[in-house]
**Student:** 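Once you've had a glance at the structure underneath, I'll fire off some questions.
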Amino acid sequence: MYTSRQQLSGICLIKIAYAFFAVLVFARFTSLGDTGDYLNGEYLERNNLASTAYLMSLIGAALGNIGSYVFSLILSVWGMVYLLEKAEFSSGNIRLVFVLMMLPSFGVWTSILSKEVFVLFSFCLCTGGLIDLLSQRRVFFSLFQLLGLALLTFMKPHYSVCIYLSALAITIFRMGFRREILLALLTIALLCTVAVAIHYVDLIYEYTQIIPLHFSANSSSTRTNDFWLNEYDFFTYLPTGLPVSFIGPTLFEALAAPKMLPFFLEGIFLAGFVVFQCARAAFHRGYINVLSLTLVFTFTFALLIAHYPFGLFNPGSAVRYRSGFIFPMCVFILYIAEENRRLLHTSPAG
């Protein structure tokens, strides 16, 4: 089994290696998002503390190139180590987690000054809070975890929904409701979600027409909006659009632009990992773990839905946005999958 010192050394080496790779190699093939703008203080003229771009520019301009990279590495390593200490994985799972760390998109985008570094850090704190609730170490988030939740809500409010929903589900579970009641509550919640979505379909359609405007039409990788043309298309295209937005480039896009092939293969691996571990978490030897099944919806599926509209129009953006949440997402799925047997035998709903 890996010691804490070995884990820390391994994580630091991976992040440092990817930081050099991002600057010396990756940047030769594509731009590093808004990193250069942040380092040059490009958005300081906004002078708006509610603007994430302004705050990122403030950090980049204040710390400079080297300081910003060191700060980003510290923040990402801190978040990952914090979460792994909460999960307390066996040596086999730690090896799998290290495989996740070495995936190219995650390695690049969480090793440089980017919003994804802050999303990763805050998401790790929040996910650590969920693990504390599951393991009954706490009945509520710690102050540190609440600060992480506040940061995540500020940076990516649509991502933070999965934390609020999952914390609520765990709290309800810990109140001792029977399995049948939990299943009924989950069913009612899903039906209410569908009803609310139908009621606000016109408003949702308006937003679907605004989102494409935030992606450059001149970019060769930006997809044409030929899938959200009518008011219900956001929902009818969901079965196709959700996996596409999560994986990033499609096979044909990867074949047309070989530089996307590693990210296509990475996306396929991650999609398979998520599906397999969610199945392990929800089902065990013919039994349904109600809490784990609920968390599959409130955490994993809710997060994928939140990512769906923003990852659909550009495969590069999809991969970059995904890198902020994919590590805590996979660690949490793996954790509840491994805890499935214990929860089934010790919980009142099992």
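Keep in mind that this is a model prediction, so the values were computed, not measured.
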**Student:** Hey, what do you get for CD1 (I336) to OG1 (T294), rounding to the nearest 0.5 Å?
**Tutor:** 10.0 Å
**Student:** Just one of D34, L39, V70 clears the side chain to side chain contact (heavy atoms under 4.5 Å, CB included) bar with L113, so which one?
**Tutor:**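 That would be L39.
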**Student:** Has I66 got more than 12 heavy atoms of other residues, nucleotides or ligands less than 6.0 Å from its CD1?
**Tutor:**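 It does not: I66 CD1 has 12 such atoms or fewer within range.
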**Student:** Does Y43 have more than 12 heavy atoms from other residues, nucleotides or ligands lying within 6.0 Å of its OH?
**Tutor:**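 Counting other residues, nucleotides and ligands, OH of Y43 exceeds 12 neighbours.
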**Student:** Ignoring hydrogens and geometry beyond distance, is a side-chain donor-acceptor pair present between N48 and S51 at under 3.5 Å?
**Tutor:**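 No, no side-chain donor-acceptor contact under 3.5 Å.
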**Student:** Kindly say whether the aromatic ring centers of F299 and F325 come within a distance under 6.0 Å.
**Tutor:** no
**Student:** When rounded to the nearest 0.5 angstrom, what distance separates OH in Y237 from CH2 in W228?
**Tutor:** 10.0 Å
**Student:** More than 12 foreign heavy atoms under 6.0 Å from CZ of F20: is that the case here?
**Tutor:** no
**Student:** Measure the CG-CG distance between L152 and L120 for me, rounded to the nearest 0.5 Å.
**Tutor:**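 Answer rounded to 0.5 Å: 11.0 Å.
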**Student:** Minimum heavy-atom separation for S114 to Y38, with atom names?
**Tutor:** CA-CE1, 4.4 Å
**Student:** Classify the side-chain pair Q277/Y335 by whether it contains a donor and acceptor separated by less than 3.5 Å.
**Tutor:**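 Checked: Q277/Y335 side chains show no N/O donor-acceptor pair below 3.5 Å.
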**Student:** By the definition ring pair (Phe, Tyr, Trp, His ring centres under 6.0 Å), identify the one residue from F246, Y159, F234 that meets it with Y308.
**Tutor:** F234
**Student:** So, is the end of the K15 side chain (NZ or CZ) under 6.0 Å from the ring centre of F106 and within 45° of the ring's axis?
**Tutor:**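 Relative to the ring axis of F106, which defines the angle, K15 lies inside both limits.
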**Student:** Tell me the closest heavy-atom pair linking I163 and C126, and the distance in Å.
**Tutor:** CD1-CB, 3.7 Å
**Student:** Using the ring of Y321 (Phe, Tyr or Trp, six-membered ring only), decide whether K156 places NZ or CZ under 6.0 Å from its centre and within 45 degrees of its axis.
**Tutor:** yes
**Student:** Side chains of T298 and Y164: donor-acceptor distance under 3.5 Å anywhere?
**Tutor:** no
